[in-house]
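Remarks on the structure that follows.
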There are 2 protein chains.
Amino acid sequence: MAHPQEDTLIARQITPTPMRLLVLEVLQRHPAALSLADVELLLGHADRITVHRTLKTFTEKGLVHRIEDGSGAVKFALCEPGCTPEHHQDLHAHFFCTRCRETSCLPTVAVPIIALPGAYQVQETSLVMKGLCENCASAG
Amino acid sequence: MAHPQEDTLIARQITPTPMRLLVLEVLQRHPAALSLADVELLLGHADRITVHRTLKTFTEKGLVHRIEDGSGAVKFALCEPGCTPEHHQDLHAHFFCTRCRETSCLPTVAVPIIALPGAYQVQETSLVMKGLCENCASAG
DNA sequence: CGGACGATGCAATGCTATTGCATTGTTTCA
DNA sequence: TGAAACAATGCAATAGCATTGCATCGTCCG
Ligand SMILES: [Mn+2]
Ligand SMILES: [Mn+2]
Ligand SMILES: [Zn+2]
Ligand SMILES: [Zn+2]
């Protein structure tokens with residue numbers, strides 16, 4: 001067993017490959033949510049498209065979730081262990097810092113369940129807050 | 001007084017021009033939030049960049065608000081009369097239909113005020129729900 | 001009239017996401 | 001074992017949205 005990450009991938013029915021292990025490591029190592037460009041940069045010399053498809057596979061298998069924070073680029077973050085592509089356990093809010101442009105998960109802030117008037121059928125709810133993150137707020 | 005919309009623009013300190021009156025009319029006529037491409041299409045032969053700058057001006061003056069619904073394109077919708085660029089009165093949720101790709105304001109659904117742990121400074125909160133709109137849900 | 005300023009429109013560019021296709025590598029099975 | 005089948009990769013190309021540069025036009029003053 002070379003990498004402990006292999007089990008993580010296999011558990012989600014993702015064939016482990018060197019590239020996928022590298023992307024997973026980067027996601028595990030960084031606390032903030034990462035965009036495609038972020039991952040590409042952190043990996044050094046990785047092909048952008050392969051990383052893109054890796055993240056797409058991870059999303060489809062329930063290993064990561066997508067965060068649309070309005071920054072223009074979709075961010076990705078690891079899911080909780082219990083998540084599946086259909087039923088995510090980690091339905092939490094996200095925070096986008098307008099100063100350092102970092103996006104972070106707020107695992108303690110649950111997305112509220114809201115009853116809509118009329119015949120709306122809600123499939124997904126996203127709650128994004130913008131402002132200054134803890135670092136930037138204290139840095140002035 | 002040629003157009004009744006002129007007063008609306010003047011009240012927001014926006015110089016009325018033919019293009020701006022046309023864009024405002026389109027926004028008033030359509031209940032759903034509109035993207036830049038939507039407005040361009042509805043206007044017929046309008047220059048995309050001019051419409052873009054018109055919407056930017058409208059946003060800066062507090063006449064419309066931006067909606068980032070994750071569709072890839074930013075949507076725009078008219079604000080309530082009391083809104084200013086700094087203090088929006090209409091802090092409501094939005095709904096994006098995954099079938100017809102229309103985005104609508106939910107004026108009756110207020111964005112919840114959420115206290116964040118730590119030193120976060122929230123400037124703005126966005127609550128977007130995805131699913132089937134009333135039309136698409138009843139159409140099956 | 002002539003300058004100042006704002007609005008407009010065309011061209012060009014940047015950035016993100018996505019697809020096509022050839023190649024490589026690995027698994028499967030006769 | 002060897003060939004077919006399949007998945008993953010990487011380069012090229014494309015699409016779509018947003019934004020900037022710059023020249024032009026029009027209007028408002030002085
Ligand atoms: Mn998250
Ligand atoms: Mn709205
Ligand atoms: Zn920050
Ligand atoms: Zn719909």
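Numbers restart at 1 for each chain; the letters A, B, ... are given by sequence-line order, proteins then strands.
In this structure, B:Leu22 places its CG atom 16 Å from P of C:dA7, rounding to the nearest Å. Taking atom CG of A:Asp47 as the reference point, atom C1' of C:dA17 lies 14 Å away to the nearest angstrom. At whole-Å resolution of the value, CZ in B:Arg20 and P in C:dG6 are 11 Å apart. When rounded to the nearest whole Å, the span between CG of A:Leu55 and C1' of D:dT9 equals 15 Å. Atom CG of B:Leu9 and atom P of C:dA7 are 11 Å apart (whole Å). Separating the CE atom of A:Met19 from the C1' atom of D:dA7 is a distance of 15 Å, rounded to the nearest angstrom. Between the CD atom of A:Glu60 and the C1' atom of D:dA8 there is a distance of 14 Å, rounded to whole Å. C:dA17 atom P lies 13 Å from atom CG of A:Leu34, rounded to whole Å.
Residue contacts shown for B:Thr17 are limited to sugar-phosphate atoms, with no base heavy atom under 4.0 Å away.
Using a 4.5 Å cut-off on side-chain heavy atoms (C-beta onward), A:Phe96 and A:Met129 make no contact.
Between A:Thr54 and the phosphate of D:dA8, there is no side-chain N or O to OP1/OP2 separation shorter than 4.0 Å.
Counting heavy-atom neighbours within 6.0 Å of A:Arg12 CZ, excluding the residue itself, gives a total above 12.
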How does each nucleotide of nucleotides 17-30 of chain D score, in 5' to 3' order, for protein heavy atoms under 4.0 Å: base (B), sugar-phosphate only (S), or none (-)? SSBBB---------

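The pair B:Lys130-A:Glu68 meets the salt-bridge criterion, since a charged nitrogen lies less than 4.0 angstrom from a carboxylate oxygen.
Between B:His94 and B:His65, the angle of the ring planes lies from 30° to 60°, which puts this pair in the tilted group.
Evaluation of the side chain to side chain donor-acceptor pair (under 3.5 Å) test over residues 32-47 of chain A, restricted to residues two or more places apart or in two chains, returns A:Ser35-A:Asp38, A:Glu40-A:Arg48, A:Asp47-A:Thr50.
Ring pair B:Phe76/B:Phe58: centre-to-centre distance not below 6.0 Å.
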